[in-house]
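All chains are named by letter (A, B, ...) in the order of the sequence lines, taking the proteins before the strands, and each is independently numbered beginning at 1. Since the model is a prediction, treat every value here as computed from it, not as a measurement.
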Amino acid sequence: MSRDHEPRVVTPGFRDRVYAAVRRVPAGRVTTYGDVAAVLGSPRVARHVGWALAALPAGTEVPWHRVINARGTISHRGDLVRAAEQRDRLESEGVDFDPSGRVDLRALRWDWPDLG
DNA sequence: TTGTTGACTCCCG
DNA sequence: CCGGGAGCCAACA
């Protein structure tokens, strides 16, 4: 039987919404997977934000490096090469990292002011 | 169809 | 603060 008839948050156009949301994050600022997911409609689909970014076509202009996890660290899940590139890009934008490789979310977390 | 996986997050200890 | 375990929802085999 039906558990809930609520519409799914992750629709076929989910990836494009993720990209559109991430593009709103300005240089020098960061956001989290959970924040992007919340903006899209559900904080529970944070993993799918990561999935969408993993499926990001090469050449697509999306500041994917500004998306980090809720702890303020870079999620690499084994891909240290991409993680290094992400950190390098962020540092190029002026994002500072702690000795432990952590970003100060309290100061740099984007607040999505354009949501109204 | 079921079971596994994942660029996550929260809760404990 | 950090590591481990559980929960989470779709994609994928």
Query raised in the report: Which nucleotide in the set B:dA7, C:dG3, C:dC2 lies at the smallest distance from any side-chain heavy atom of A:R71?
Result: C:dG3

Query raised in the report: A:D79 CG to B:dG6 C1': how many Å, rounded?
Result: 14 Å

Report task. Using atom CG of A:L40 as one end and atom P of B:dT9 as the other, report the distance to the nearest whole Å. Result -> 13 Å

Query raised in the report: Any donor and acceptor pair, going by atom type alone, linking the side chain of A:T60 with main-chain N or O of A:V62 inside 3.5 Å?
Result: no

Requested in this report: Just call it for A:A70: base, sugar-phosphate, or nothing, with non-hydrogen atoms closer than 4.0 Å on any strand.
Outcome: sugar-phosphate

**Report entry** Rounded interatomic separation in angstrom, taking NE2 from A:H48 and P from B:dC8
**Finding:** 12 Å

Requested in this report: Round to the nearest Å and state the distance from A:Y33 atom OH to C:dC9 atom P.
Outcome: 20 Å

Requested in this report: Verify the contact: side-chain N or O of A:R102 to OP1 or OP2 of C:dC1, cut-off strictly under 4.0 Å; return yes or no.
Outcome: yes

Report summary line: A:D104 atom CG is separated from C:dC1 atom P, nearest whole Å, by 11 Å

Report task. Say whether, by atom type as modelled, one donor and one acceptor occur between the side chain of A:D79 and the main chain of A:R82 under 3.5 angstrom. Result -> yes

Query raised in the report: B:dA7 P sits how many Å from A:Q86 CD, rounded?
Result: 13 Å

Requested in this report: Please state how far atom CH2 in A:W64 lies from atom P in B:dA7, giving the value in whole angstrom units.
Outcome: 13 Å

**Report entry** Presence of donor-acceptor pair under 3.5 Å, side chain of A:R77 and base of B:dG6
**Finding:** no

Query - Shared hydrophobic cluster, A:V95 / A:W112 (ILVMFWY, side-chain heavy atoms < 4.5 Å) - result: no

**Report entry** Ion pair A:E61/A:R23, N-O distance below 4.0 Å
**Finding:** no

